[in-house]
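Sequence lines set the chain letters: A, B, ... in the order given, protein chains first and strands last, and positions in each chain run from 1.
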Amino acid sequence: MTLSVVVDPIRCDAFGYCAELLPERVRLDEWGYPVVDDMSVNGHLVDAAAAAARECPRRALLLVRTIERASPDEANKANEASEEGPR
Amino acid sequence: MTAVISTGRPMLLSARRMHGRADLAAHRTVHGPCPRADLFEGGRLVATVAAAGLLGRGGGGFPVWAKLDAARRHRCGTVVVNAMEGEPASGKDAVLLLSAPHLVLEGAQLVAAISRARRVVACVASNRDDMATSLSAAMGERRVHAPSEVPVELVRPPGRYIAGEESALVGWLARGRGAPVFRPDKAVPLMLGRAAVVVHNPETLAQVALVARVLAAHPEDDPAGVGADVAARLTALVTVSGAVTRPGVVEVPLGTSVSSIIELAGPGEPASAALVGGFGGVWLGRDQMDVPYRAEELRAVGAAPGAGVLVALPETACGLAESARIASWMASESAGQCGPCLYGLPAVARDLSLLASGRPDPRLMDRLTGRLDIIEGRGGCRHPDGVVRMVRTALSVFRADVDRHLRGRPCRYAGTRLLTCIP
C-alpha cells in the first residue's frame, strides 16, 4: 500500500498552504500554483501531508492510498480461506 | 474533395462522392441496410473492432474496443455523439454529418446495443446549424423507417474549443457547465444522471457501422480474421489545409504517407513542414513527412493522428509566427480553471510571439523552455499539454528560424499573411 499526494488542479486556487505545510514535496510555480515532483509520502511525512490536505481551503490536495490488488484467483482463495476461518 | 484511393469497399465518403448528401434511401443503396445488433451476439462486433485495431478518431486515439467493452461493463445508459469539432483546422466531422449522417447514427445505435444504452444524445455546436439540420433530417427518417432504434436527441452546446473535451461535454449535459472535470482515474466512467455515459466521435461511430457490415457479411467467420481484413483496408478522414490548392477533407487508407496526403489536396508550393493532429499536435519537418499516416508509425516520430488534421507549411511562411498565433488562440480558449493553463499558456504565447517577431530578450529561451516544462501535466485536462507539445516541436523543427530570430533578424516571411485559419 502506498500513499501519495495528488493536486486537483481544477479545485486549486493557489492559496499555497500545501507548500507551507509540506515543503518536502510541494513547491510553488511562478504563479503560485503547487508543483509536486515526487508524489510519494511515507514515514514522517504522512502527518504533514494529512495536515496539508486538511488545511487546503479548496480541498484541492488529496492524500491517495493505492492498494495493490490481488488477481481474481488470489482474491477468491483469500475469500474461501476467510470463510472457513476460526470456528 | 474526393478520395482518389479506393479500397474496394464502400467507405466513409462513398455517399458524398455519389450523392453529395445521402438520405436514407441513398445511404442504403451505397452501404446496404444496417446490420441488426442481435447478429453480434457473444461480443463478436467488439472482437472484430479489436482485431481491426480501430482507434478513436476524436483526438484521444484510444482503442475503440476497450471503450466499447468498458461501456458494456459499466452499463452505460447514454451514448453521446460528440460532433462538436472545436478543432479549428478540422472539418471531417462536419463532412460526415453533412454527407453521411446515417452512418454516424447507425454507429451510435450499434454502440448503444452493445452497452444496452437506452438513448443517444448527439451534440452539435450551437453555431453549426448546417450540421444540425442534416442530422435532424436523418433522425427524422430513422424515426419513421427504423422505429425500434433507441431514441436520439439533438442538443446544441456552445461551440467553444474546450466544450468538445469529453468530460466538459458531459458536464454541460449534466450541469449546464461545459468545463473539464478532474479525472485522475479514467477507468471510472463519466456519469450522466444515475448511469454511466460513453462519448464517441462521429467518425469513430461511422467506422463501427462499416465494420459491422463487413462482419454481417461473414457470419460464420472468426472475428479475428474478419478484423484483420478490416485492418488492412481501414481508412481515415483527414482535413488538409495550409499551402494546398484544394483544402478540405480527404479519406485515405491508413499508412498513406503524410506527404502523399498533402499531395491529394493539390500542393501549392512544396511543404517544408506540417502540423499533424491539430492545434495541440506536432510539427514534422520535411525529412519526416514520408512517415506513414497511422498511429504506430506516427508515434515513432513523436506524433499522432489526433483530430485528423494536416496543415502544410510552405517555405514562404514562418513556422514560429504560425505557432505563436496558434498558441495565443489556444491560450484564449482555456477553460480558466487551472493556474498552469490560465497563466502559463498566455506566458508561453507571449514569449513565442516575441521570438517570432525578432524581439527576444537574452533570457527568453530559458524562460520559454522552463515554462513548457513546468506547465506540462499540471492541467485538469490535456489542453495545456497539447500546446506544450506543439510549441516544443515548433522550436525543434524550426530551429534554424529560432537561431535567426534570436539574433534579432526574423526570417523573411515572419510578416507574411498567416496560413493557419484562426477563428
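By the neighbour-count criterion of 12 heavy atoms within 6.0 Å, atom CE of B:M191 is densely surrounded, having more than that number from other residues, nucleotides or ligands. Enclosure of atom CD in A:E20 is not indicated, since only 12 or fewer non-hydrogen atoms of other residues, nucleotides or ligands lie within 6.0 angstrom. Residue A:R59 qualifies as open at atom CZ: its count of foreign heavy atoms under 6.0 Å is 12 or below. No more than 12 heavy-atom neighbours from other residues, nucleotides or ligands sit within 6.0 angstrom of CZ on B:R382.
Put simply, the side chain of B:R378 gets close to the backbone of A:Y33: a donor and an acceptor are under 3.5 Å apart.
Of the options B:C381, B:P180, B:C338, a side-chain contact (heavy atoms from CB on, under 4.5 Å) to A:P9 is made by B:C338 and by none of the others.
In this structure, chain A has a heavy atom under 4.5 Å from the side chain of B:A347, while its backbone stays farther away.
Interface residues of residues 363-374 of chain B toward chain A, defined by a heavy-atom distance below 4.5 Å and sorted by number: B:R371, B:I374. Contacts from residues 385-394 of chain B to chain A, taken as heavy-atom pairs separated by less than 4.5 Å, involve no residues at all.
Of the listed residues (A:V7, A:V64, A:D29), the greatest number of heavy-atom pairs within a distance under 4.5 Å of chain B belongs to A:D29. Ranked by heavy-atom pairs shorter than 4.5 Å toward chain A, the options B:G380, B:G379, B:P184, B:G339 are led by B:G339. Heavy-atom pairs under 4.5 Å with chain A were tallied for B:G377, B:A179, B:G344; the largest tally goes to B:G344.
Residue B:F182 holds its CZ atom at 4.5 Å from CG of A:D8, rounded to the nearest 0.5 Å.
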